[in-house]
Novice: 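The structure's right below; bear with me while I get my questions together.
Sequence positions, counted from 1, serve as the residue numbers for this chain. Note that these values count all heavy atoms, side chains included, but never hydrogens, waters or copies made by symmetry.
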Amino acid sequence: QVQLVESGGGLVQAGGSLRLSCAASGRIFRINDMGWYRQAPGKQRELVSTINSGGNSKYADSVKGRFTISRDNAKNTVYLQMKSLEPEDTADYYCNANAQHFPGSRALEFWGPGTQVTVSS
């Protein structure tokens, strides 16, 4: 099994910044894509950003230009640098990793328990 643990969430005023971290541990042969998703109260979970093993990233239109995703493969960690935060960014943020346990095995999806981000106006 692969465990993901997010950190860095909290309360921040609009216009402020936060950096989220997600560290993966457990039986890991290779981590392919990693990403961040969020779920606001009463809404479905949505994609925020993804980054592949080569460092190529994608962003939801709502966060493009404000959020930056990065990863440290040696630490099995993915980051989400959030700036110019808006109240609409308030949500529980979840880390995701597509990973393989063993060479040649199929890749599986793993999720962290989430970290809360609250942006006040």
Novice: For residues 38-92, which residue pairs qualify under ring-ring contact (aromatic ring centres under 6.0 Å, His included), counting only residues two or more places apart or in two chains?
Specialist: none
Novice: Drop me the distance from Ser57's OG to Met34's CE, to the nearest 0.5 angstrom.
Specialist: 14.0 Å
Novice: Per the disulfide bond (SG atoms under 2.5 Å apart) rule, what does the pair list look like for residues 24-66, sequence neighbours excluded?
Specialist: none
Novice: Please give me the minimum heavy-atom distance between Gly35 and Ile69, naming the atom from each residue.
Specialist: CA-CD1, 4.2 Å
Novice: How many angstroms lie between atom CZ of Arg45 and atom OH of Tyr94, to the nearest 0.5 angstrom?
Specialist: 5.0 Å
Novice: Can you name the side-chain contact (heavy atoms from CB on, under 4.5 Å) partners of Lys43, sequence neighbours left out?
Specialist: Ala40
Novice: Give the table of side-chain donor-acceptor pairs shorter than 3.5 Å for residues 110-121, with sequence neighbours excluded, one pair per line with atom names and distance.
Specialist:
from: Thr115; atom 1: OG1; to: Gly9; atom 2: N; distance (Å): 3.3

Novice: Are Val78 and Tyr37 connected, step by step, through hydrophobic side chains (Ile, Leu, Val, Met, Phe, Trp, Tyr) whose heavy atoms are closer than 4.5 Å?
Specialist: no
Novice: CD/Gln1 to CD1/Ile28 distance, rounded to the nearest 0.5 angstrom?
Specialist: 10.0 Å
Novice: Rounded to the nearest 0.5 Å, what separation is found between the CG atom of Leu80 and the CD atom of Glu6?
Specialist: 11.0 Å
Novice: Do Asp89 and Arg66 have side chains that get closer than 4.5 Å, going by heavy atoms?
Specialist: yes
Novice: Locate the shortest heavy-atom distance separating Ser105 from His101; write the atom from each residue and the value.
Specialist: OG-N, 3.7 Å
Novice: So, do Leu20 and Met82 sit near enough that their side-chain heavy atoms are less than 4.5 Å apart?
Specialist: yes
Novice: Within the 4.5 Å heavy-atom criterion, are Lys83 and Thr68 side-chain neighbours or not?
Specialist: no
Novice: As an exercise, state the distance from CG of Asn98 to CD1 of Ile31, rounded to the nearest 0.5 Å.
Specialist: 9.5 Å
Novice: Which pairs with one or both residues in residues 12-108 pass disulfide bond (SG atoms under 2.5 Å apart), sequence neighbours excluded?
Specialist: Cys22-Cys95
Novice: With rounding to the nearest 0.5 Å, note down the distance linking CG in Leu4 to OG1 in Thr77.
Specialist: 10.0 Å
Novice: Listed by chain and number, what are the side-chain contact (heavy atoms from CB on, under 4.5 Å) partners of Ser53, not counting sequence neighbours?
Specialist: Arg71
Novice: Identify the heavy atoms of Gln81 and Ser17 that sit nearest to each other, and give their distance.
Specialist: NE2-CB, 4.1 Å
Novice: Quick one: are Ser62 and Arg38 in side-chain contact, heavy atoms under 4.5 Å?
Specialist: yes
Novice: Check whether Leu108 and Ile51 end up in the same hydrophobic cluster, where Ile, Leu, Val, Met, Phe, Trp and Tyr are linked by side-chain heavy atoms less than 4.5 Å apart.
Specialist: yes
